[in-house]
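Report on one structure; see the data block that follows.
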Amino acid sequence: MKMFSVSHKTVFVVDHCPYMAESSRQQIECDMLTKSRAQAMIPLSPVSKSLWTCAVECSMEYCRILYDIYPARKLINYIVSDSECHILNTWGEKTQSVQELMSALAAVGPPNPHEDPECCSVLHGLVAAVESLCKITEYQHEARTALVDVAHRVSNRGRIICLTNAKSDTHVRMLEDCVLETIQDQNKLAAGSDRLMPIQQCELVLVHIYPQGDDTLVSDRQKKEMTSVLSSEVHSVRAGRHLASKLNVLVQQHFDLASTTITNIPMKEEQHANTSANYDVELLHHRDAHLEFRNGDSNTGSSSKEGGIRETVTLKWCTPRTNSVELHYCTGAFRISPVDVNSRPSSCLTNFLLNGRSVLLEQPRKAGSKVISHMLSCHGGEIFLHVLNSTRSTLEDPPSISEGCGGRVTDYRITDFGEFMRENRLTTFPHMPVDTAGRAPFERAKSQLERHTRYWPMIISQTTIFNMQAVVPLANLIVKDSLSEDDVLTCQKTVYSLVDMERKNDPLPISTVGSRGKGPKRDEQYRIMWNELETLVKAHVETSERHQQVLDCINACRSKPPEEEERKKRGRKRDDKEDKSEKNGKDSEEKGWNPDTERLKGAIEREKENESESGVIKDSPDSPEPFNKKPRLTLEDLQPLEKSKGPVSLLSLWTSRITQANSRKHPEFAGRLSSINNKAELYQHLKDENGLVTSLPESLLSF
Amino acid sequence: MPTVVLMDVSLSMTRPVSLEGSEEFQRKNLAVHGLTMLFEHMATNYKLEFTALVAFSSLWELMVPFTRDYNTLQETLNNLEDYDKTCLEAALQGVNNIVQQEWGNTCPCQVVLVTDGALGIGRGSLRHSLATLKQRGEDKKFPLPFPFPSKLYIVCIANADELRATDAMDNLEQLLSLSGGEGQIFTMDGPLCLKSVQAMFGRLIDHAYMPFHATLRCGNLASDVQVFPRPEPVLLDEELDPTPKAVHTELEIMGFIEIGDIASPPVVSRHLVLPIAVNKEADEVGAGAADEMEEELSANQMAGKIPNFCVLLHGSLKVEGMVALVQLGLDWYGMLYSQADSKKKSNLMMSIFEPGSEPLPWLGKISQLGPISDAPENPYGEDDSKSPFPVLPKSKRSYAQNVTVWIKASGLQELNRLRKAALAFGFWDLLKCVAELLERECTLLPDSAHPDAAFQLSHAAQQLKLASSGDSKYAAFDHVITPMLTDFSGGVSGSDRI
């Protein structure tokens, strides 16, 4: 497959000399209505197209098919030649359309039969065509810029299709020689220019058009190499439908097209809405859509028209069932162009497809099972012929995913990941190629995925926070690239609601998988939850100052100061390893540290003392942010509570009053809620500590 | 990519290999030894590959049809009998038939031809086949190149010098280039012995049967996977990009798209994505204590129980009806999705798109796909009722535009279209003709006709005549004929009153 093959550039040179105004003598009956009228009247005389009209009409059809199937990369330059050359468009993308050419042609108008034939010639156009082939296209320019060091790999080839009325074979020879000479001259010129490229290969297709009923003065000639650069062929064709069918064959040859006829299309009759008749519609497309029909199998329904030049493969329409969304195994998709775009069956079919329906196509077989081999489907106003795989799959009977790695795990967070996928869906940003940081949209997509997966436990039993509705707002926000003031506030609210839950002693959705007994105690559950939340937020703390604020909030609000937490964690780990090393009978580094229960108790006692002081002292004055106020209050208020164990003093009366007043403004403290006779037992968790090791759930080990 | 092993069982394969001192071998024994090694490799590392075994001499026979049962292949291989002379052309024709019958002619196949390089004599010999290549009719064409994409590996139980002593090497090279050149000739180095045959088959395995291992990533979530069949390098444009592009071993997910939006895209190839257990120092999530646990249990037992990203991804893709867009290399993309077979067994599959920045026109440039969170408003709508896809092309195709219907002057709308086309095609006579037609219609109007009709018809005829004169004002391409303003248009209800 070559990007810059001969078909990259096509130049049409259409003769506009006075003799082209001659009639094609193919008559068109305009007066269709006379027959059905009762009144007898003089019929209007039929009209006939001129040679020029025939040439323009057929070349436009060539262009229409080409632009339908190759909306880009295959370019046409249209040149009209009389006493001078009129170049109707450029290689630029903007002027590559049938409308553009039609409008330019209208400005040129039909040839003037009274112009001096001596000054007029198609040669002007041929010279301009060669010059035009030397001009670099946007695609060639892009490729050359991209491949600076190997720019020579970008080639320059093209084709000239000349529609003219030649006088004789000698005249044809003269035209060929002219093209050859011009190529040689232009190549010399192009060698020294940046915007021009020498022509490496040029195909000249001369089409001699003569009126119906005349004998041709020019003989057909197959493609012949004139030189290593130029090849030439001559087609001598009668004007009218012969010319149309010749150019249809040429466009297929030039652009590797093939034809498919959709048969058995049911269509409602205009007159009889209740009945439907079956119609055929012929489509053109790249010939690779017929790859599977090449060689071998001859029962493909391929039939040839017009002496073996035009072949079409017949496929049967399968009335679509529901509009189910299905992912077919499709080995190719090729743009189509209807051969007879104006006909009623054709426009019925294309409109049906443009409305979003897909149609499966079946190979007509005399016997055996039904083979669906193609599908017609429309994407964004373009109809494609999809090639579906209809043979045995080499991937049949694979091991099921449940038999492989991770296949026996049953509590994947399928729904959550589905939600994750929806959030990470893609959309197109054609007008915003890069953001301020110079990242292309797909790079931003990847970096979003990276952020969203910094902490993403895959199974339900591995996580607590993602099983809690209350955490959702924070979890959704914290992964964002930047947070607004409001976002931070929402996160803080989430944290407060968790504090509130802890205070109320709400149960947490902690997995009991792998743990013995009933699982961890409530406060241990909260400790796990807070740890996990912290892990999540810590993964994003570097993103921005505001992300840090969220972490600060958690640190300040969670039930225990983080340092103490850390120490405990380390302690527990030691215990863990201890436990294990005993089981395994292995020596570990920590073995030297004797887990003497008494000593452990002593250490805990000491920690306990440290906590009430260092915790408070450290946390309260160092927190300038207003949101820290609440947690600070929490800690300060704990102390009076602790002290109010003795007989009622004036101070305690006053404090309780203040507290009461305050309690209306903030959630009730956990300790006070669970207190008996207003006495809360502090550090209950320390009691559980010893029993904890054995009942530690497996999932906890991963943190 | 299915494999056909084409085993030469002609008499020449029974030639003994001269070895000093040790046990005597036939070339056939060496071939069987090598193939055994290949089958063993496939049975362990490439077990989803379908392989067929064909034996040939002057005739050919399909000994084992395409199967994944390597025991059967091995058993049959061990019991091959010896026959007469080598006739490669018939055997290749046989391979052609077998493959086409089983897989059609779009499925790429590998053919492993095992021969001693004695390529027959007289009619039916490779030399004869090659010499007569150009003198054949359509019905007796040489079977190469195969109609299906193929790679031909010629494995010679002979060393290169031996083959060069005759024209065997030349013939084999010609055969390879006839096959399309995608393949290789393997010969034995040094003396013919078990060791050198092993080395040669080792090279074949390294070249064609190494499993493709990669890491599938979605941000920080990852899984080690085997991609089967292994993705083959793709040649983009032999002129601009002469080196084939290979798939990276890092498969990076970029984001997700609904199945309806990706719309059965065309793909180059399709692969199973199978998670594999690789011994790693630390697991991403469960570092620390979990590692030690891992050591206690055997890797196999654990593999099924350790959460794997592929399984999670597969499950969610299946439930949500989505695909994951994955980057395979520079400007090369594919998609991951859940595929269920007829037995309702489900798997994670990867389809590879044509390399390039815009493999699917309806998605636009892949590099321009970004996260929906970057869009000012959710392009899918709040209730998923919308979609940013398909991306609309810059211009409409001919069939999606208003089609010009010729010779049907049933209204000014049509009249303008007709006029435009006639002007472009330089078919002014048609305009004159239509004008006459309209004028005649005017004279034939029944008495009951609205008086406006006559005025409008003659107005239209007038306008067309003007256009056909080529007068610059009326023949301008974009000039539009507008209905004549008459008093009747507003006065219809008035006339009713009278």
Side-chain angles (χ1 to χ4, degrees), chain A residues 2-3 30 47 52-53 56-57 64 68 102-103 105-106 110 153 292 295-296 325 327-328 330 332-333 338 341-342 350 379-381 391 394 398 400-401 404-409 412 414 417-418 421 424-430 440-442 444-446 448-450 453-454 458-459 701-702, chain B residues 2 100 103-104 106 147 218-221 237 239-240 254-256 259-260 264 266 272 275 277 286 289-290 303-305 307-308 311-312 314-316 319-320 322 345 347 362 364 367-372 375 379 388 390-392 397-400 403 423-427 429-430 433 436 477:
Chain A
K2 286 179 192 163
M3 161 95 192
C30 281
V47 284
W52 162 259
T53 300
V56 170
E57 212 172 41
R64 179 187 70 78
D68 271 357
M102 291 276 267
S103 149
L105 279 166
R153 282 201 207 135
E292 63 177 311
N295 288 49
V325 186
L327 198 61
H328 295 277
C330 160
V341 70
N342 279 344
T350 50
H379 312 287
T391 53
T394 55
S400 171
I401 192 138
C405 294
R408 287 168 61 201
V409 179
Y412 285 106
I414 301 283
F417 198 73
M421 295 195 313
N424 284 285
R425 272 182 295 185
L426 298 167
T427 185
T428 180
F429 293 91
F442 82 110
R444 298 203 298 272
K446 282 192 208 166
Q448 175 167 311
L449 283 176
E450 190 279 319
T453 55
R454 282 191 197 156
M458 289 195 279
I459 55 176
L701 295 175
S702 23
Chain B
Q100 286 212 58
W103 311 107
T106 47
C218 174
N220 294 298
L221 297 169
D237 181 323
E239 216 164 60
L240 285 181
M254 301 166 53
F256 303 86
I259 282 185
S264 299
L272 286 167
K305 290 184 184 164
N308 190 295
V311 186
L312 172 69
H314 168 267
S316 299
V319 170
E320 298 288 333
M322 293 175 100
K345 275 202 216 167
N347 246 297
W362 50 94
S367 61
Q368 288 175 350
L369 295 180
I372 48 171
V391 170
L392 297 178
R397 306 284 85 89
S398 70
Y399 47 81
V403 281
L423 284 174
F425 296 149
F427 196 10
D429 283 350
L430 178 73
C433 177
E436 281 171 28
F477 186 66

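Here is the naming used below: chain letters follow the sequence lines, and residue numbers restart at 1 for every chain. The figures that follow rest on heavy atoms only: side chains count, while hydrogens, waters and symmetry mates do not.
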Completion exercise
Applying a strict 4.5 Å limit to non-hydrogen atoms, the region of T394(A) in contact with chain B is both
Handout entry: Minimum heavy-atom distance between L449(A) and C218(B), given as atom pair plus value
Key = CD2-SG, 3.9 Å
Problem - Nearest-0.5 Å distance that lies between atom CG in L426(A) and atom CD1 in I372(B) - result: 8.5 Å
Handout entry: Side chain, backbone, both or neither of V311(B) within contact of chain A (heavy atoms, under 4.5 Å)
Key = both
Practice task
Would you mind telling me which of L105(A), T53(A), T350(A), I459(A) has the largest number of heavy-atom pairs within less than 4.5 Å of chain B?
Solution key: T53(A)
Practice task
Just give me the residue among S316(B), P390(B), G104(B) that pairs up with chain A most often, heavy atom to heavy atom, under 4.5 Å.
Solution key: S316(B)
Exercise for the section: Mind ranking P398(A), A333(A), P338(A) by heavy-atom pairs under 4.5 Å with chain B and telling me who comes out on top? Expected result: P398(A)
Practice task
Under 4.5 Å, counting heavy-atom pairs only, tell me which of L312(B), I259(B), L392(B) racks up the most with chain A.
Solution key: L312(B)
Problem - Region of M254(B) in contact with chain A, defined by heavy-atom distances below 4.5 Å - result: both
Handout entry: Spacing of OG1 belonging to T391(A) relative to CH2 belonging to W103(B), to within rounding of 0.5 Å
Key = 8.5 Å
Problem - Heavy-atom closest contact (P371(B) atom, F429(A) atom, distance) - result: O-CZ, 3.4 Å
Exercise for the section: Could you tell me whether the side chain of S264(B) and the main chain of L327(A) form a donor-acceptor pair under 3.5 Å? Expected result: no
Handout entry: Atom group of P307(B) that falls short of 4.5 Å from chain A, counting heavy atoms
Key = both
Fill in the blank from the handout: With chain B, the option among H328(A), M421(A), Q448(A) that has the most non-hydrogen atom pairs under 4.5 Å is M421(A)
Practice task
For chain B, find which of P430(A), G404(A), G381(A), C405(A) contributes the most heavy-atom pairs closer than 4.5 angstrom.
Solution key: C405(A)
Handout entry: Nearest heavy-atom neighbours spanning N308(B) and Y412(A)
Key = N-OH, 2.9 Å
Practice task
Specify which of G260(B), P388(B), S367(B) makes the most heavy-atom pairs with chain A at under 4.5 Å.
Solution key: S367(B)
Practice task
Please work out whether the ring planes of W362(B) and H379(A) are parallel, tilted or perpendicular, with thresholds of 30° and 60°.
Solution key: parallel
Practice task
Heavy atoms only: give me the nearest M3(A)-L240(B) pair and the separation to one decimal.
Solution key: CB-CD1, 3.9 Å
Exercise for the section: Please determine, among R153(A), R64(A), R444(A), R454(A), the option with the most heavy-atom pairs under 4.5 Å with chain B. Expected result: R153(A)
Problem - Contacting moiety of T106(B), where chain A heavy atoms sit under 4.5 Å - result: side chain
Problem - Top of D68(A), N424(A), V56(A), V409(A) for chain B proximity - count of heavy-atom pairs under 4.5 angstrom - result: D68(A)
